[in-house]
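Here the structure comes first, spelled out in C-alpha cells, and everything after it is commentary.
Count residues from 1 along the sequence.
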Amino acid sequence: MIDLKGALRMARGANPASMPAILARSAVDFGASDVIVYLVDFGQTVLEVMPDLSSPGPSPPSEAVATTMAGRAFTDQRVLIADRGDSIRVWVPIIEGSDHTGVIALTLPSSEETLLTACEDLGILAGYLFAVHARCTDVYNVYRRRRNMSLAASMQWDLLPPLVLHAGGLRVAGLLEPAYDIGGDCFDYSLNGHVLDFAIFDAVGRGLAAARIASLTLSSYRHDRRDCRTLATIHENLGTTVAQVGKHQFATGIIGRIELRTGIFSWTNAGHPLPLLIRGGRVVRELHCAPTPPWGVTGRHPAVATEQLEPGDCLLLYTDGITEARSADREFFGVDRLIDFMNRYSAESLRPEEMLRQLVQSVRTFQGIDELDDDATAMLVRWEGSPDNAHPE
C-alpha cells in the first residue's frame with residue numbers, strides 16, 4: 001500500500017517538477033518500478049511524458065490517446081494491465097478531483113488485487129499533487145503543450161474551469177477546439193450546493209480581440225453569479241458590460257441553471273444556437289427560448305425558459321463553429337449531422353467527456369484537416385437525478 005503520509009511529507013515544499021520522482025518513490029512502497037507519468041495535451045489527443053528529473057537518460061516517447069494502452073486507460077478511466085511474462089505492465093488514470101489529466105504507467109510483480117488498488121490510489125494521489133502544485137508553477141502547463149499556443153488561447157485556458165466534473169449525480173464536460181488557437185469561445189460552470197450554474201459564450205471574431213470580449217463576458221458572468229443574481233439580471237448585466245467594449249463588439253451565449261433536487265433547468269439565450277435535449281440515448285428535441293440579441297447589441301428584457309429534466313437527461317450546448325464547419329466541397333456539418341452523431345454515441349453510454357472528444361474528432365474528419373477553421377466549443381451536462389438518491393461510482 002502507499003505510504004500516504006510519507007508521500008505528502010515529501011511533496012510538502014518540494015519543487016513542483018519533482019512530482020514524478022515523488023510518485024516513483026511512492027510506487028516502490030508496493031513493489032512497483034519503471035514509473036512513467038504522462039499528462040494529456042490541451043487537444044486531448046496525445047499523452048506527453050513528464051520526465052523524472054532524478055533519473056538520467058532520455059525520456060520515453062509520448063503516447064497517442066486513440067491508439068495505445070495508455071490512451072485507453074485515459075479515455076476509459078480504468079486500470080489496464082498487460083502480462084509481460086515475469087511482470088505486469090499497468091496503466092492507471094490520473095484524476096484531479098473529477099478532471100482527467102493523464103496516466104501513470106508502471107510495472108508490478110503480479111496482478112494481485114491489492115497491488116492494482118494501490119495503483120489506483122497512486123493515480124488519485126498524483127491528481128491531487130498536480131492540482132495543488134499547479135498553482136505555483138508553469139511546468140505542468142508547458143509539458144501539456146505539443147506546440148506554441150496563441151496568446152488568445154492562453155488567455156482562454158487560464159480562465160476555464162476543469163474540463164470534467166462528476167459529483168452528486170451530476171456529470172459535466174466541456175471541450176475547446178482548436179485547442180492551441182482558440183479565441184472567442186469559452187464555457188464555465190459552478191456547483192454550489194444543490195444548484196449547478198453553467199454557461200457557454202461565443203465572442204465575435206477571432207484572436208486577441210475576441211479573447212478580450214470572452215474574458216470580459218466570463219468575468220461579468222462569474223461576478224453576478226457569485227453575487228447570487230437571478231438569471232435575468234445576469235443576462236442583462238452581460239449585455240451592459242459587453243456594450244462598453246465598443247461598436248460592433250458582441251457575444252452570443254446561453255446561461256443556465258439546474259436545481260439538482262428537482263431537475264428543473266432554467267436558461268436564457270442571447271442569440272445562440274439552441275441546446276439539444278438527449279433522453280433515453282437519443283436527441284428528442286431542441287429546447288426553445290425567446291432569444292435576445294447578442295450581448296453588446298441593444299436588446300430587450302430576457303425571457304427565462306424552463307424545462308423539467310428526467311433522471312439521465314443530457315443537455316448539449318455548443319457554438320456555431322461545430323455546425324458551420326465545412327467539408328472540402330463546402331458542405332456544412334450542420335445540426336442534423338450533429339444530432340445523428342449524438343444519437344449514435346449517446347446509445348453507447350459513453351462518458352460525456354469521451355463523447356465530446358469523439359465529436360471534435362468527427363468534425364475534424366468531416367472538415368478534412370487536423371485543426372478547425374473556426375472556434376468550436378461544446379458542453380455536455382448530464383443530470384442523473386436528485387443527489388439525495390445518487391450512488392457513488
Side-chain angles (χ1 to χ4, degrees), residues 165 169-175 185-191 194-202 217 221 225 230-236 238-239 251-295 299-324 332-347 350 352 355-356 359 363 376-386:
L165 171 68
L170 179 75
R171 292 172 177 262
V172 181
L175 202 60
D185 285 8
C186 59
F187 67 89
D188 195 32
Y189 65 82
S190 180
L191 177 57
H194 291 296
V195 174
L196 174 73
D197 281 287
F198 57 100
I200 191 169
F201 306 108
D202 183 359
T217 303
Y221 167 69
R225 185 187 72 207
T230 65
L231 292 183
T233 301
I234 295 172
H235 188 110
E236 290 183 324
L238 277 166
T252 70
I254 287 172
I255 56 174
R257 179 173 290 163
I258 298 176
E259 215 299 329
L260 300 181
R261 289 169 294 192
T262 64
I264 294 176
F265 168 47
S266 306
W267 61 290
T268 67
N269 185 352
H272 199 79
L274 300 174
L276 300 179
L277 173 63
I278 303 165
R279 177 173 292 161
R282 296 192 62 80
V283 176
V284 294
R285 63 181 183 275
E286 290 182 321
L287 297 181
H288 289 272
C289 174
T292 67
W295 293 302
R300 59 180 181 274
H301 186 74
V304 179
T306 60
E307 182 75 24
Q308 177 63 63
L309 301 180
E310 297 180 5
D313 279 358
C314 292
L315 300 167
L316 177 70
L317 282 61
Y318 62 93
T319 62
D320 60 13
I322 288 179
T323 51
E324 294 181 4
F332 284 118
F333 188 80
V335 175
D336 289 342
R337 191 172 274 106
L338 174 61
I339 291 174
D340 287 343
F341 172 92
M342 296 307 298
N343 285 340
R344 184 167 70 254
Y345 282 91
S346 294
L350 294 180
M355 200 179 303
L356 293 190
L359 172 60
V363 176
T377 295
M379 188 177 190
L380 192 62
V381 179
R382 179 184 293 167
W383 180 66
E384 302 286 5
S386 171

* Asked: Out of curiosity, Ile234 CD1 to Tyr221 OH, how far, rounded to the nearest 0.5 Å?
  -> 6.0 Å
* Structure fact -> Taken in chain and number order and not counting sequence neighbours, the residues that satisfy salt bridge (Lys or Arg N to Asp or Glu O under 4.0 Å) with Glu259 are Arg261
* Measuring from Trp383:CH2 to Ile258:CD1, what's the distance to the nearest 0.5 Å? -> 8.5 Å
* Only pairs at least two apart or in different chains count here, so list each side-chain hydrogen bond (donor to acceptor under 3.5 Å, both in side chains) that has a residue in residues 263-276. => His235-Thr268, Thr252-His272
* Residue pairs, two or more places apart or on separate chains, that pass salt bridge (Lys or Arg N to Asp or Glu O under 4.0 Å) and touch residues 337-346 -> Glu331-Arg337
* Assign the ring pair Phe198 / Phe265 to parallel, tilted or perpendicular, where the plane angle (0 to 90°) is split at 30° and 60°. => parallel
* Under the salt bridge (Lys or Arg N to Asp or Glu O under 4.0 Å) test, residues paired with Asp197 that sit two or more places apart -> Arg257
* Structure fact -> Between Ala173 and Leu356, the two heavy atoms sitting closest are O-CD1, 3.4 Å
* Please report the shortest heavy-atom distance between Pro302 and Ala232, naming the atom on each side. => CG-O, 3.7 Å
* **Side-chain heavy atoms of Val172 within contact of Leu191, under 4.5 Å** => no
* So, the side chain of Gln308 versus the backbone of Thr262: is there a donor-acceptor pair under 3.5 Å, distance only? -> yes
* Going from CG on Asp336 to CZ on Phe341, what distance comes out if it is rounded to the nearest 0.5 angstrom? -> 15.5 Å
* Asked: With a 4.5 Å limit on heavy-atom distance, are the side chains of Phe332 and Thr323 in contact?
  -> no
* Structure fact -> Taking every heavy atom of Cys186 against every heavy atom of Thr377, the minimum-distance pair comes out as N-OG1, 4.4 Å
* **Counterpart residues, ring pair (Phe, Tyr, Trp, His ring centres under 6.0 Å), relative to Phe187 (two or more places apart)** => none
* **Sub-4.5 Å side-chain heavy-atom contact between Leu338 and Leu359** => yes
Atom pairs and distances, side-chain donor-acceptor, residues 279-291, under 3.5 Å, sequence neighbours left out:
{"from": "Arg279", "atom 1": "NE", "to": "Asp313", "atom 2": "OD1", "distance (Å)": "3.0"}
{"from": "Arg279", "atom 1": "NE", "to": "Asp313", "atom 2": "OD2", "distance (Å)": "3.1"}
{"from": "Arg279", "atom 1": "NH2", "to": "Asp313", "atom 2": "OD2", "distance (Å)": "2.7"}
{"from": "Arg285", "atom 1": "NH2", "to": "Glu307", "atom 2": "OE1", "distance (Å)": "3.3"}
{"from": "Arg285", "atom 1": "NH2", "to": "Glu307", "atom 2": "OE2", "distance (Å)": "2.2"}

* CD-CG distance between Glu310 and Leu277, expressed to the nearest 0.5 angstrom -> 8.5 Å
* Can you list the steps and then say if Thr230 with Val304 is a side chain to side chain contact (heavy atoms under 4.5 Å, CB included)? -> CA-CA 10 Å; Thr230 65; Val304 179; over 6 Å; no
* CG on Leu276 to CE on Met342, rounded to 0.5 Å -> 7.5 Å
* Any idea which heavy atoms bring Gly253 and Trp295 closest together, and the distance? -> CA-CZ3, 3.4 Å
* Asked: Shortest non-hydrogen contact from Cys314 to Leu380?
  -> CB-CD1, 4.1 Å
* Structure fact -> Separation between OG1 (Thr233) and NE2 (His301), nearest 0.5 Å, reads 7.5 Å
* Which heavy atom in Thr217 sits nearest to a heavy atom in Phe201, and how many Å separate them? -> CG2-CD2, 3.3 Å
* Could you go step by step and tell me if Ile255 and Arg225 meet the side chain to side chain contact (heavy atoms under 4.5 Å, CB included) rule? -> CA-CA 10 Å; Ile255 56 174; Arg225 185 187 72 207; over 6 Å; no
* To do: Consider only side-chain N and O atoms of Thr319 and Asp202, and report whether a donor and an acceptor are under 3.5 Å apart.
  => no
